[in-house]
Amino acid sequence: MKIFINNRYYSKRNAKVSIFDHGYLYGDGIYETMRSNNGVVFKIDEHITRLFRSAKMIYLDIRYSKQEIKSAVYRTLKINKLKNAYIRISFSRGIGEIGLDTALCKKPVFVIITNKFRQYPKEYYKNGVKIIIAETRRNHPKSLNPKIKSNNFLNNILAKIEAKKRNAFESIMLNLDGFIAEGTVSNIFIVKNGILMTPSLKCGILGGITRKYILESAKKMKIKVKEAKIRINELYAVDECFITNTSIGIMPVRSIDGRRINVKGEVIKRLIKLKFN
Ligand code: PMP
């Protein structure tokens, strides 16, 4: 597998960044994950637009055009002979002396890692997964805005540790006001009385590309949708629930904090047929 670093390719073994990279020292950077099906990267333009938004929000000038990034992604897939792939692009602040001043770093480091796309086991989709509500709350938008898809991932990692301890697939974090926000790497949807609901962007979440695709598709399918503020007690009383992201697509949930949920609900049955290509 060849890894792209600042327009050059390296073997996995030799793909290295400096310990003085502020991405390493401070988690100062941003990223995107994408997937390709049959050589086509799903919603690549939306991912690159989100990348630019993240960059702007951390005052990072990434010095590549959208087209250059797109070409680099496709070139990396080609070099690695990948058609169905997982793709991760990241920009770190770059190499600089120790210190928080971003001006210490002269040039961002652009990395593209690709891999064969590995689907989660079929049983997960058939039987659903366990999720829990984490004690860890989602970062407040006025401290580190979840809209920034940042390399600074400790908030999510702490919640993920809770999921692992409780033998769950994913942790859902509440925001500081106690409303449902999002998973560590996913958005959450619920169905109640035939209405598909998901936390609104105002709840302080990442606007998932999959989330948007599902909302748009559901509207086209004449499913009633609502972006809302959702409380835990509503979550415990749902008819259906699923989580979404680029790699998992739509993953049905079979239990929330041990409370069982129907994984064969009417809305999930229709949405799970959506194609991610
Ligand atoms: N929320 C968080 C915190 C995430 O890391 C992700 C994964 N990128 C998502 C939601 C889902 O986003 P997407 O559908 O764009 O993969």
Side-chain angles (χ1 to χ4, degrees), residues 27 29-37 41-55 57-58 73 85-91 112-115 117-120 129 131-134 136-141 143-163 168-176 179-190 196 198-218 225 227 230 241-253 271-272 274-277:
I30 49 159
Y31 80 103
E32 279 295 318
T33 51
M34 299 178 268
R35 73 192 266 187
S36 72
N37 300 296
V41 182
F42 183 66
K43 305 267 183 208
I44 187 165
D45 292 326
E46 290 189 27
H47 279 282
I48 295 177
T49 299
R50 187 169 69 182
L51 182 83
F52 273 79
R53 192 192 317 136
S54 297
M57 289 177 81
I58 69 161
V73 167
Y86 162 90
I87 304 144
R88 185 184 200 278
I89 59 183
S90 63
F91 280 86
I112 306 177
I113 300 171
T114 55
N115 218 331
F117 186 76
R118 282 196 204 93
Q119 189 87 45
Y120 282 93
V129 294
I131 63 171
I132 58 155
I133 309 292
T136 308
R137 296 285 174 107
R138 190 67 176 119
N139 285 329
H140 191 276
S143 53
L144 178 57
N145 198 329
K147 265 193 204 160
I148 306 169
K149 201 161 164 53
S150 121
N151 279 344
N152 197 314
F153 229 55
L154 267 177
N155 180 214
N156 314 47
I157 289 168
L158 292 176
K160 176 72 183 178
I161 289 170
E162 292 186 53
F169 180 81
E170 176 65 307
S171 265
I172 302 299
M173 290 176 277
L174 307 179
N175 64 21
L176 292 183
F179 292 102
I180 308 296
E182 61 182 338
T184 64
V185 288
S186 62
N187 291 115
I188 182 164
F189 284 81
I190 61 172
L196 179 66
T198 194
S200 92
L201 295 177
K202 287 190 193 124
C203 294
I205 59 172
L206 180 76
I209 308 284
T210 322
R211 175 186 179 278
K212 183 162 172 257
Y213 174 58
I214 286 165
L215 286 172
E216 288 167 357
S217 306
V225 300
E227 293 173 71
I230 303 168
C241 178
F242 59 88
I243 52 175
T244 64
N245 74 20
T246 297
S247 329
I248 61 179
I250 296 176
M251 180 73 82
V253 169
L271 290 174
I272 213 153
L274 284 173
K275 295 266 178 289
F276 288 85
N277 53 19

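Small disclaimer: the values here were computed from a predicted structure and weren't measured. Numbering of ligands and ligand atoms starts at 1, following listing order.
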Student check: side-chain heavy atoms of Asn155 and Leu144 closer than 4.5 Å: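 A side-chain contact under 4.5 Å is absent here.
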
Heavy-atom side-chain proximity of Ile112 to Ile87 below 4.5 angstrom: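 Yes, close enough: below the 4.5 Å cut-off.
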
Would you mind running through ligand 1 and noting each atom that sits below 4.0 Å from a heavy atom of [X]?
X: Gly208; result: 12 (O), 13 (P), 14 (O), 15 (O)
X: Thr246; result: 13 (P), 14 (O), 15 (O), 16 (O)
X: Arg50; result: 12 (O), 15 (O)
X: Arg138; result: 3 (C)
X: Phe153; result: 5 (O)
X: Asn156; result: 3 (C)
X: Lys149; result: 5 (O), 7 (C), 8 (N)

Side chain to side chain donor-acceptor pair (under 3.5 Å) partner of Arg211, the single match among Glu227, Glu182, Glu216: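 Answer after filtering Glu227, Glu182, Glu216: Glu227.
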
Whether the side chain of [X] engages the backbone of [Y] through a donor-acceptor N/O pair (distance < 3.5 Å, no angle test) should be reported.
X: Ser143; Y: Asn139; result: no
X: Thr198; Y: Ile188; result: yes
X: Arg137; Y: Asn175; result: yes

Partner of Ile172 by side chain to side chain contact (heavy atoms under 4.5 Å, CB included), out of Ile133, Asn187, Ile132: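 Answer to the side chain to side chain contact (heavy atoms under 4.5 Å, CB included) test with Ile172 among Ile133, Asn187, Ile132: Ile133.
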
Side chain, backbone, both or neither: Ser247 near ligand 1, heavy atoms under 4.0 Å: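 Near ligand 1, Ser247 shows nothing, with every heavy atom at 4.0 Å or more.
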
Contact check, Ile205 vs ligand 1, heavy-atom distance below 4.0 Å: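 False for this residue.
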
Tyr120 OH: over 12 foreign heavy atoms closer than 6.0 Å: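 Result for OH/Tyr120: open.
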
Under 3.5 Å: N/O of Ile209 near N/O of ligand 1: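 Between Ile209 and ligand 1 (N or O atoms, distance only) the closest approach is under 3.5 Å.
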
Nearest protein heavy-atom contact for [atom]: which residue, which atom, what distance?
atom: atom 2 (C) of ligand 1; value: Glu182 OE1, 3.5 Å
atom: atom 6 (C) of ligand 1; value: Val185 O, 3.3 Å
atom: atom 14 (O) of ligand 1; value: Thr210 OG1, 2.5 Å

Verdict with reasoning, Ser186 to Glu170, per side chain to side chain donor-acceptor pair (under 3.5 Å): CA-CA 8 Å; Ser186 62; Glu170 176 65 307; 2.7 Å; yes

